Each structure stands twice: as structure tokens, then as C-alpha cells.
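Have a look at the structure below, then the notes.
Everything quoted here is computed from the prediction, not taken from an experiment. Below, chains carry the letters A, B, ... as their sequence lines are ordered, and counting in each starts from 1.
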Amino acid sequence: MFVHLSGAVAARAANLWREIEARDEDEYDDEDDQQDQRFGSHVGLLLGSTTRIIPPPDWAAAGMGDIIPAMFQDTNAILDRLNPAQLRAVTTVDGPVLVLAGPGSGKTRVITHRIAYLLGEKHAPASSVLAVTFTNKAAREMVDRVRLLAPYQASQLTIGTFHAICARILRREGAAIGIAPTFTIADDDDQAAVIKRVLKELNWDEKRNPPRALLSRISAAKSVLIGPREFATSASDYADEQVAIVYGRYQEALAAADLLDFDDLLMSLVNLLVECPTVLERYQQRYVHVLVDEFQDTNVAQYAIVRRLGAGHNNTCVVGDEDQSVYSWRHADIRNILNFERDFPGTRVIVLEQNYRSTSTILRAARKVIAPNRQRKEKSLFTENEAGERIVVFEAYDENEEANYVASQIERLAAGQGLRLSDVAVMYRTNSQSRVFEKLFLRHRLPHKVVGMRFYERKEIRDVLSYLRLCYNHNDVTSLDRVINVPPRQIGSKTLADLRLWAARMGVGVSDAIETLATGQQTQVPCPISARAQNALAEFGRTMSVLRRASRELVVARLLDQVLERTGYAEFLKDGTEEGQARWDNVRELLTVAEEFSHYDPESSLAAFLEDVALAGDADEYDASAEAVTLITLHAAKGLEFDVVFIAGLEEGICPHSRSVEDERQLEEERRLLYVGITRARRRLFLTYAARRSQFGEAGARQPSRFFQDLPKDLVQGTARAVQGRGRDWTRPSAADRSSPTSPVLGGSRPSHPAPAPALVEPTAAAPTVFRPGERVSHPRFGQGVVVSVERRGDDQEVTVAFPDLPIKRLLSSLANMKVLA
DNA sequence: AAAGCGTTTATTTTT
DNA sequence: TAAACGCTTT
């Protein structure tokens, strides 16, 4: 997520910083600070970037209250413009509360206003509030918005992701249960590397014991707080016994390397709270008010944390929507929502049912799509918004035509000028679908950005970070393995094997063994490594020891310089190829991240940097300000909203995904995924699918998604057969589908190539607001204007409007959201 | 030790 | 298609 600091957030932070620096620091007297002393050391914002941009105690000293206009501190502003349900959710602060928040119902608003209410009206010390989110982005947004409402105290809040909060507490208190304070966090790749090492040691075949499958079993166990020992005792069949063996070894390997994986962060915190009552008590006392966002996505371990921390004062408020639970494959457990009322006696349940986001057409469609799910609480979502346009369903000949159609539609809508590209998103089930959109958007010269190419998963970034991790935690053998021969240093697998053997014989870590070689110490155990390889290792060891020393003296950015220089990595990357250049550019970007990190808080440690980077997600990447179409998976789109949404690839096997069609529960999740996608749209929704699609290089016929059956026809426009057939079972191919692509249902012969997409021909009666020349209108962005002329565009209107001091605008009635003024 | 070549496999991925 | 992996050759 750190990258994202380089965007708008960074700019804003930099401004605040400058303003703060410009002020005197003599008004220091704050009571929050005293509060904090009382509660022991400061946790602060666990937000990574924001935390360190503004060191907590300085906020008050800096007189931030003067910077923010006084009106925001008014309690009225906090409770103003909330509907009755929202108001109850904000002001019910004694006792447990379960908020069921439908899409677009003002959930974030409720949470931020609740916090502001606690601080401003109930005079709760900020340090007594704990707010947990799932993404850094959500946490950051929360801080930003609370800051507007309660500028003084915002910095004293504990707001962060589950994992960030756990990591922070464990780093400080973990020693009590044997966790080194210098632990580093193992990501997916590290996990795989450790498992593979374990398999190798056991002499097990990777083919018969796929590391991914093993990891998934282990992760599932950790998610429900089953440790390796317990797993072994309860293993009931042979497969489980196998897993148990690997699980045990895996944990040992992690522990030896002072590594915690993501699941460990959660499970270890629970262990800590269970085994150390004094620690538990301290945190329970501190956190009087606990809030949890996206509660439907919590797993058992996270729920245990919430239960325990919240047990002190019993003011736990959770917000969620089981219809938007799309991470069960990551062990999120919807039952947490159901169990909440049971586990927190006296829970008040508040349902937010009014949708402020979408047209009633879109909301109706969404309700119909989600309705067949059995695992849900019945809700009655409603909206006072207008009906808006019908939903467009489009059948493309293949994935190229699909992307071409989407591009053309976006161009058409953008030409109407009411629509900015940043208000458009194209969503799909799998990341691989993005490729064809990128290709065609490039051809159309349509600006776009793909959310999800994970910056921190790139080889070069991981390599460089591994060097940093190795500086901080020299037991981190995963990182050592990664970089010991990158760039090539003549250290191959044989040398490494000998090195491990030798280290084991001496009873020391691999890094220590290298150190021994580097300093030329004599050893009791003879070294089985060739002189040449010994030299190579010694050289590497000396480099690392220099860097390790540097890591204690330099800020992260300067340390990075040293790493790139002294390891030869910079030179290694700059090999003259285009790819090398691209990789180097990525490293430069990481350097920029580090620069910002060091600049905003020179005191911040390498540990903090590594933690931020390890816990950084990449939905964070999403930058709403760029003038470009967003390409994004349905999963990553959760929590976002756009004026216009295209959901592509709605075919059997893709959505629902082929791996999900066997299982009823998984099918329900696919349905929720589509529901999430639909409810992202504010004004217009396009659903597309392809009759043929190439996947894995193989072309094949496709059937429209079964979910089309649940889409009421009167909400849809378009000729696509998915919405023409009556009660047809799409899961079974019809005679027509099996025939050639020129079958009549497809509307006669279709060119196989970039066909001009059939426009939205159906003139329908459902017209949006009708404008007439001479009328005075108001536009949300341009203000008041006068209609010059009007032209029909299918069932839409292109309205030419003159606004004072602005060039004449041509706007599409359906998009511009203009109102006629009396 | 490193480069080259055929084989295999293919969701989603808040952290 | 493409990337990741393991085996073979240089």
C-alpha cells in the first residue's frame, strides 16, 4: 500500500505536514496525551503511512484544531443528515450493536460519525477507541474522515487492519509467548518456499503433496485456531495425518526463521491473550469502544480477537452485510454474524436498508439476483432514487468483440461529456480477463488502469525487500535463500546444501555460518564446502554485514541505495533489455516509496517499513483521481462505486466459476460476487458475455451465466439471447447453441472480427428526464445553465447546455444527472 | 553453476 | 496463451 502514499494521500499528507511544521509547538498541553500516558505506550494509527506521517503527540501541539474550520467540530455536524437508522447506529454506544448495512446505505458514514460522536459528544478518550478494518484503504479512509469531524483526537485512535494491529501488539508483547520482537512477516511466496523446504527434508514428492493444497489446509486450521499439536491429535484419516506432519514441521521452520505468516499474526495474538491474562486485561481496559467493519469477512480467529478485546467494556459494534461476503474461500465465516447476537447478549440489531447509491432499476436487479440465496437474512432494501436507465445486456461473438463493445460504449458515453472516465469501471471474475481489455483499450486509445497487478509480488521488488528483511532479521532464511545468489554469485544448490549441513552440524543458523566464513574464524567442525564456494559465501557475508550495520544508521531510502549498490543488484537489473529497464523502474518506485517513508518520519524504523510493505494490499492501489477507466476484479471492487459499471464475461464457467458450480455454498458465493458487482453501479449497468471464448489458448463455445435467469426482463434492454429466452435452462446447451456460430439465435451471420457493436437500438418507453430547449437546468458539477438544443439518441437525449463562464456542453440526459429548475 | 528446453498447469487473493 | 517448473545440456 505504500505506493499509494505517492498519490493523492501523499500530497495531502505533505500539505498537512508543511502546515504543521510552520506552526509553533508551545501550546502543548493536551489531555489526550495524558490519557495516553495512563494507558501505557502508544499504539497509534496502525495505518502505516498515516501513522508515521504525523507522529501522534504532535497533533495537538501543532494546533491542528485551528487548521480545520470550527464548524466541523460542532456536534450537530456529526449527527446532521443521518437517517433514523443511521442515527441509531451512530448514537447507540452503550452495549453491543450489530449493524447490517446494505450496499450504498452509508456504512462508512455511520462508522466515522460514530467515532466522532464518541469523541465529541461522549468525550471518550481517543485512545480508548479501537476500529478494525480489513484493508489499509478502508482504515485510511476512516482516519481521513474522522479527522474532518474530530481533528484533535484523530491521531490517538487505534485504527487499522486486523493484521496490522496484531503485528503491532505482538512485536511489543509477543516475547511472553516466545515470539522474537524482530520477527518478519512471511507472505504467500515465503510460505510456499518454507513448505517446499519441509517437503524436501521429508523426502516427499511435491506432485503427490501439492504445497498449495497443504498450505490451504494449514491456513484453514489456523483460521479456526487449531495449532499443529491439536491438529495432530484430532487427525482422523491418513491425509490429515500427512498434513499434521507437514504442519508441525512448517511451524518449526517458521519459528526458526523468526517468521510469522498472516494466519500466525491472528492465531498468535489469540494465544497471547489466552496465555497472558495481564496483557489481555490491559488491552481490555484500554479499549472501551471496539468497532469492526466488514464483519461478514471475519474468520474464527478474528472473531476470537474481537470477542476477547471487546469483553472488557462490552461496547462492541460490528458492521457488515452477509450478502457481500465473498471471501469464504479465505475462511471468512458468515456464522460470525449469526453468532454475534448469541455471544454478545443484549445486542441491538440495526438494519440500514436505504440505498443512496444506485438507481432503483439497478437496486431491483441486485435484489432479484441475490434473492435465491438461502444463507442470508431477508432484507428490504429500498431507494428513493429515480428509475434511471435500463440495464443493458450484450452478447458478444467472442472476448475480443466483448472488449471492443465495452470500449465503444465507454467512448460513446464519454463523448456525451457528462461522464468522466474515472467514473467507469470494467469488472470481471478472473484477472486473466483483463488482458483482452487492455489490448483493445490500447487500440482504442482509451485511458485505463488495471487494479491488481501486485507491485509487491514482482520479482525485483521481492528481491530487494528480501535484502532489507535479511538486514533486520538475520534468521530469515526465506529471504536468504531468495537473494543469496541474486545477482549470480557462483553459489549454487550444491553449495547451499553443504552450507546447511555444515551449519546444522555446528548447531548454528545458516546466516551465522556465513558470518563465520566472512570473518575467517576457525571452526571445530570442518567445512565441507569447496574453497571457491567458501570465498563466494564469505564475500556475500561481508556485504551483508556492511549492510546490516548500515541498516542501523541510515534511513530506509539510503539503506536501499546501499543495498542496490553493494549487492550489485542495480547493475544486475540494468542489463540493457527493455524488461530490465521496466524492472529497474519498479525498483525506482520502491525507492520513491522509501523516500517518502523516510521523509515523513525520519524516526521510523526499518521494522515499520517492512511491516507496512508486508501488510500492504493492492486494492489500495486504486486511485480515484486518475482520469482513466478502472479495470478490476469483482472481488477487488467491493467497497468501491462508479457511475457506470460493465460486468464482463458473465458465462457459465466464469461467473459462476467452473470450480464453484459443484457446490451449493460456493454457488451462493458466486451469486454474492455478482451482487457486489451490480451494486457498485450508481447510474448505468452493462452486463456482457461472449458466445465463444478462448481460454488457455483453446477456443470454445460458452453459455450465458445462469444468473441472467434472475434478472427481471422489464429492467433490461438489449437483444442478447440470455434475456430473450423464456425460462430456458442455460446450464444445458440447446440445439441452437451446438450449431455453428451463425445460428439464427445469434441474429444471423456475424462477422468474426471487431464487429461494430450493435448499438443500444431498442427504443424503449422508459425514458429518463426529458429536457426542452430554453429550460433552466442545474448540473451537479457545472451548476445552473440553459438548454440550447436537444437531440434524440435512441432512448436517451443529448442535451446541449450553456453554462455561464463555461464552454457549451453536450450532455447525455441519462448520465448528466441534471434537474429542471422551475 | 548457469543456460536452455520441454513439460505442466491454469479462481477469486482484504492481509 | 504464458509462466513456472524440472530436467538436461553446456
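- Residues of residues 655-677 of chain A having a heavy atom closer than 4.0 Å to DNA chain B, listed by number: A/His657, A/Arg659.
- Residues passing the side-chain hydrogen bond (donor to acceptor under 3.5 Å, both in side chains) test with A/Thr108: none are found, sequence neighbours excluded.
- What separates CD of A/Gln695 from C1' of C/dA2 is a distance of 13 Å, to the nearest Å.
- Whole-Å rounding puts the A/Leu634 CG to B/dT12 P distance at 11 Å.
- Checked against the 6.0 Å centroid threshold, A/Phe295 and A/Tyr303 count as a close aromatic pair.
- Within 4.0 Å of A/Ser493, counting heavy atoms only, lie sugar-phosphate atoms of the nucleic acid but no base atom.
- Checking A/Phe262 against A/Phe696, the closest nucleotide of DNA chain B that is more toward the 5' end is the one next to A/Phe696.
- The NZ-C1' distance, from A/Lys137 to B/dT13, rounds to 15 Å in whole Å.
- Rounded to a whole Å, the OH atom of A/Tyr428 is 9 Å from the P atom of B/dT13.
- Residue A/Leu674 holds its CG atom at 9.5 Å from CD of A/Glu670, rounded to the nearest 0.5 Å.
- Note that CG of A/Asp323 is 9.5 Å distant from OG1 of A/Thr679, once rounded to the nearest 0.5 Å.
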Grab the N/O contacts between the protein and nucleotides 2-6 of chain B below 3.5 Å, and write none if there aren't any.
residue : atom : partner  : partner atom : Å
B/dA2   : OP1  : A/Gln490 : N            : 3.4
B/dA2   : OP2  : A/Asn485 : ND2          : 2.8

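- Residue-level contact check: A/Arg435 touches the backbone only, with heavy atoms under 4.0 Å from sugar-phosphate atoms and none from bases.
- Look at CG on A/Leu610: it is 17 Å from P on B/dT15, rounded to the nearest Å.
- Two rings, from A/Phe572 and A/Tyr569, have their centers less than 6.0 Å apart.
- The nearest whole Å value for the distance from the CE atom in A/Met427 to the P atom in B/dT13 is 13 Å.
- Rounded to whole Å, the distance from NE2 on A/His635 to P on B/dT12 is 9 Å.
- Here CG of A/Leu615 is found 6.5 Å from CG of A/Leu265. Values are rounded to the nearest 0.5 Å.
- Side-chain atoms of A/Asn431 lie closest to B/dT12 of the nucleotides B/dT15, C/dT1, B/dT12.
- For B/dT13, one of the phosphate oxygens OP1 or OP2 lies less than 4.0 angstrom from a side-chain nitrogen or oxygen of A/Thr633.
- Rounding to the nearest 0.5 angstrom, the gap separating the CG atom in A/Asn299 from the CZ atom in A/Arg335 is 11.5 Å.
- With rounding to the nearest 0.5 angstrom, the CD atom of A/Glu402 is 11.0 Å from the CZ atom of A/Phe646.
- Using cut-offs of 30° and 60° on the angle between ring planes, the pair A/Tyr327 and A/Trp329 is tilted.
- Out of B/dT15, C/dC5, B/dA10, the shortest distance to the side chain of A/Lys196 is found at C/dC5.
- Listed for the A/Asn473 side chain is a donor-acceptor partner under 3.5 Å among the backbone atoms of A/Asp258.
- Without hydrogens or angle criteria, A/Ser328 side chain to A/His331 main chain gives no donor-acceptor distance under 3.5 Å.
- Note that OH of A/Tyr675 is 6.0 Å distant from CD of A/Gln324, once rounded to the nearest 0.5 Å.
- Using a 4.0 Å cut-off on heavy atoms, the residues of residues 201-222 of chain A that approach DNA chain C are A/Glu206, listed by number.
- Between A/Arg532 and A/Lys638, the residue whose closest nucleotide on DNA chain B is further toward the 5' end is A/Arg532.
- Against DNA chain B, the stretch residues 318-334 of chain A makes heavy-atom approaches under 4.0 Å through A/Tyr327, A/Trp329, A/Arg330.
- Under the 6.0 Å distance and 45° angle rule, A/Arg171 counts as a cation-pi partner of A/Phe183.
- The distance between atom CZ of A/Arg140 and atom C1' of B/dT15, rounded to the nearest whole Å, is 14 Å.
- For A/Lys200, the side-chain hydrogen bond (donor to acceptor under 3.5 Å, both in side chains) test picks out no residue, with sequence neighbours left out.
- Between the side chain of A/Gln433 and the backbone N or O of A/Thr430 there is at least one donor-acceptor pair closer than 3.5 Å.
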